[in-house]
Number of protein chains: 2
Amino acid sequence: MAKKPVNEAGDGRTRLISTALRLFAEKGFDGVTVRDIATASDVSVGLINHHFGSKEGLRTAVDDQFIRQFEEALFWEPKKQEPGRATTEDFAATVDEWISRHQDTWPDTANYFRRALLEESDWGFAIFARFYAIVQKSVTKMDADGVLGAQVDRLWLPFLMMYLELGTLLLDPYIKRTIGKSGFETDLWRRRHRAYTDLIRRGVVKRAVEPKA
Amino acid sequence: MAKKPVNEAGDGRTRLISTALRLFAEKGFDGVTVRDIATASDVSVGLINHHFGSKEGLRTAVDDQFIRQFEEALFWEPKKQEPGRATTEDFAATVDEWISRHQDTWPDTANYFRRALLEESDWGFAIFARFYAIVQKSVTKMDADGVLGAQVDRLWLPFLMMYLELGTLLLDPYIKRTIGKSGFETDLWRRRHRAYTDLIRRGVVKRAVEPKA
DNA sequence: ACAGTGACTAAACTAATGTTCAGTCCACAA
DNA sequence: TTGTGGACTGAACATTAGTTTAGTCACTGT
């Protein structure tokens, strides 16, 4: 080999972070050894501690990069809305758009997120809280606009909506094994989107105000 | 201590399994050492290998017991139904009943299940598949009874229903941190049940056939 | 040219973790 | 009483995995 002129995928530090993200996503933090990561990144073990102090430090760096990647979607704010129109769709649409823009790295991202949520990391909660605030706000808005039925449980609705929104993220491996393809494949994902909004709207919106089919 | 007359909680083997279930649920398989388990079970390390051959063997034994516990709910079959009545409720009701009957061990059960899904174990998939079959059947039945709207996506509906059903199971730690109490607390769980069935029915059932509020 | 800085390596180190094994104790059958 | 078997112990063992460190190399500023 030549003189190791900063690998095609960046320097050691960069490669370590992106490789670790992928491996953590695949096998979980405890399921990967520092040697695995080093080998896959084509660097020596020592470099991990050189750059990040410890394996835990590497995890932090990975988390940071992950969150930075996600910020865009996370700090989304609802734009001006025409009253009477369900704003939940805007949120879903933003997420969809974000996903399609990151399609190449999406599988890793999804898996990493899945594990973070299930491992109950602090930043996993931060992301959850952020999601919750958005959905919650959207529900409040709908309520203020008078499109929510009287019987609707204002406490549970946001959570149920999050279940529907996060369900594919958390359970996609099982979707895949059940129907043979990922729920994130473009056509399926689009269908899911329609099914989801239809379920929400027709279940939640008062019949009198219900939009034309 | 006397002569170690089979601890109040059964013999070593029994205690190891139930303790391991709890610890695995709390910290994950990799997050617990055999010494942790042995100490908490008040036996020596060696006993684990004596009975189960390896830590992995212990996991298998724990899985077996867990599945056996779950069998009742898993092998539930819908009873005779009055047509026109949404059978999804029957399933949800069965699950609710099962949970209330196992209320004492429920937190561990929920956590263990959560982790199993995350780890994509084969039996985790088996349980998922079983759930899916039940919900799927229920949907087919509703369709045959003509209570499903024409626009409803027959492929996604079962999954969306599972999301709603499993959501609290998977995300309860976050619910707890968000509203201060577990979604499984009796009153909240009951409210969730109502919110869920209401969301499903009014979103899914044709308006013409919709049951009296 | 020279010292310094920082990325990077590879072997050595250390703590931990799963496993093995020789041996104890007790129940039960011959 | 003897002895056989299984539950159980705990120290020793082997391996693994994270960390430390001495040292190389290339580049930078003086």
Side-chain angles (χ1 to χ4, degrees), chain A residues 1-65 112 115-116 119 121, chain B residues 1-65 112 115-116 119 121:
Chain A
M1 58 181 80
K3 55 185 275 203
K4 181 144 334 200
V6 175
N7 192 311
E8 72 286 350
D11 59 8
R13 189 173 196 282
T14 308
R15 271 177 290 149
L16 275 173
I17 291 180
S18 59
T19 307
L21 171 56
R22 181 169 50 81
L23 291 180
F24 288 164
E26 278 169 17
K27 315 188 190 184
F29 183 75
D30 291 329
V32 183
T33 71
V34 289
R35 269 164 256 262
D36 290 340
I37 302 169
T39 303
S41 305
D42 199 31
V43 300
S44 69
V45 238
L47 196 62
I48 290 174
N49 294 271
H50 172 68
H51 280 304
F52 309 105
S54 66
K55 187 187 181 186
E56 195 61 46
L58 173 57
R59 192 223 289 257
T60 305
V62 171
D63 283 351
D64 286 350
Q65 146 147 340
Y112 197 79
R115 289 195 181 271
E119 281 170 13
S121 63
Chain B
M1 58 182 75
K3 53 185 282 203
K4 179 134 352 192
V6 174
N7 192 313
E8 72 286 350
D11 60 8
R13 190 172 196 283
T14 309
R15 272 176 290 148
L16 276 173
I17 291 180
S18 59
T19 307
L21 170 56
R22 181 168 52 81
L23 292 180
F24 289 164
E26 279 169 17
K27 314 189 192 183
F29 183 76
D30 292 328
V32 183
T33 71
V34 289
R35 268 164 257 262
D36 289 341
I37 302 169
T39 303
S41 305
D42 199 31
V43 299
S44 69
V45 240
L47 196 61
I48 290 174
N49 294 273
H50 172 68
H51 280 304
F52 309 105
S54 66
K55 187 187 180 187
E56 197 59 46
L58 173 56
R59 193 223 289 257
T60 304
V62 171
D63 283 351
D64 286 349
Q65 146 145 341
Y112 197 80
R115 292 195 179 270
E119 286 168 15
S121 60

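These values consider heavy atoms only, across backbone and side chains, with no hydrogens, waters or symmetry-generated copies. Each chain gets a letter, A, B and so on, in the order the sequences are listed, and its residues count up from 1.
Counting only residues at least two apart or on different chains, the salt bridge (charged side-chain N to carboxylate O under 4.0 Å, His left out) pairs with a member in residues 43-65 of chain A are Glu56(A)-Arg59(A), Arg59(A)-Glu119(A).
Heavy-atom minimum distance, Leu16(B) versus Ala38(B): CD2-CA, 4.4 Å. The nearest pair of heavy atoms linking Ala20(A) to Leu58(A) is CB-CD2, 3.9 Å.
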* **Worked check of side-chain contact (heavy atoms from CB on, under 4.5 Å) between Phe29(A) and Asp30(B)** => CA-CA 10 Å; Phe29(A) 183 75; Asp30(B) 292 328; over 6 Å; no
* Tell me, with the steps shown, if Tyr112(A) and Leu21(A) meet side-chain contact (heavy atoms from CB on, under 4.5 Å). => CA-CA 7 Å; Tyr112(A) 197 79; Leu21(A) 171 56; 3.3 Å; yes
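Remark: P of dT19(C) and CG of Leu16(B) are 14 Å apart, rounded to the nearest angstrom. At whole-Å resolution of the value, NZ in Lys27(B) and P in dT17(C) are 11 Å apart. One can place CG of Asp11(A) at 16 Å from C1' of dT9(C), the figure rounded to the nearest angstrom. At whole-Å resolution of the value, CZ in Phe52(B) and P in dG18(C) are 15 Å apart. In this structure, the CG atom of Leu47(A) is 18 Å from the P atom of dT24(D), given to the nearest Å. Leu23(B) places its CG atom 14 Å from the P atom of dT17(C), with the value rounded to the nearest Å.
The main-chain N or O of Glu26(A) is found under 3.5 Å from a side-chain atom of Arg115(A) such that the two form a donor-acceptor pair.
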* Structure fact -> 5' to 3', nucleotides 16-23 of chain D under a 4.0 Å protein heavy-atom cut-off (B base, S sugar-phosphate only, - none) gives -BBBB---
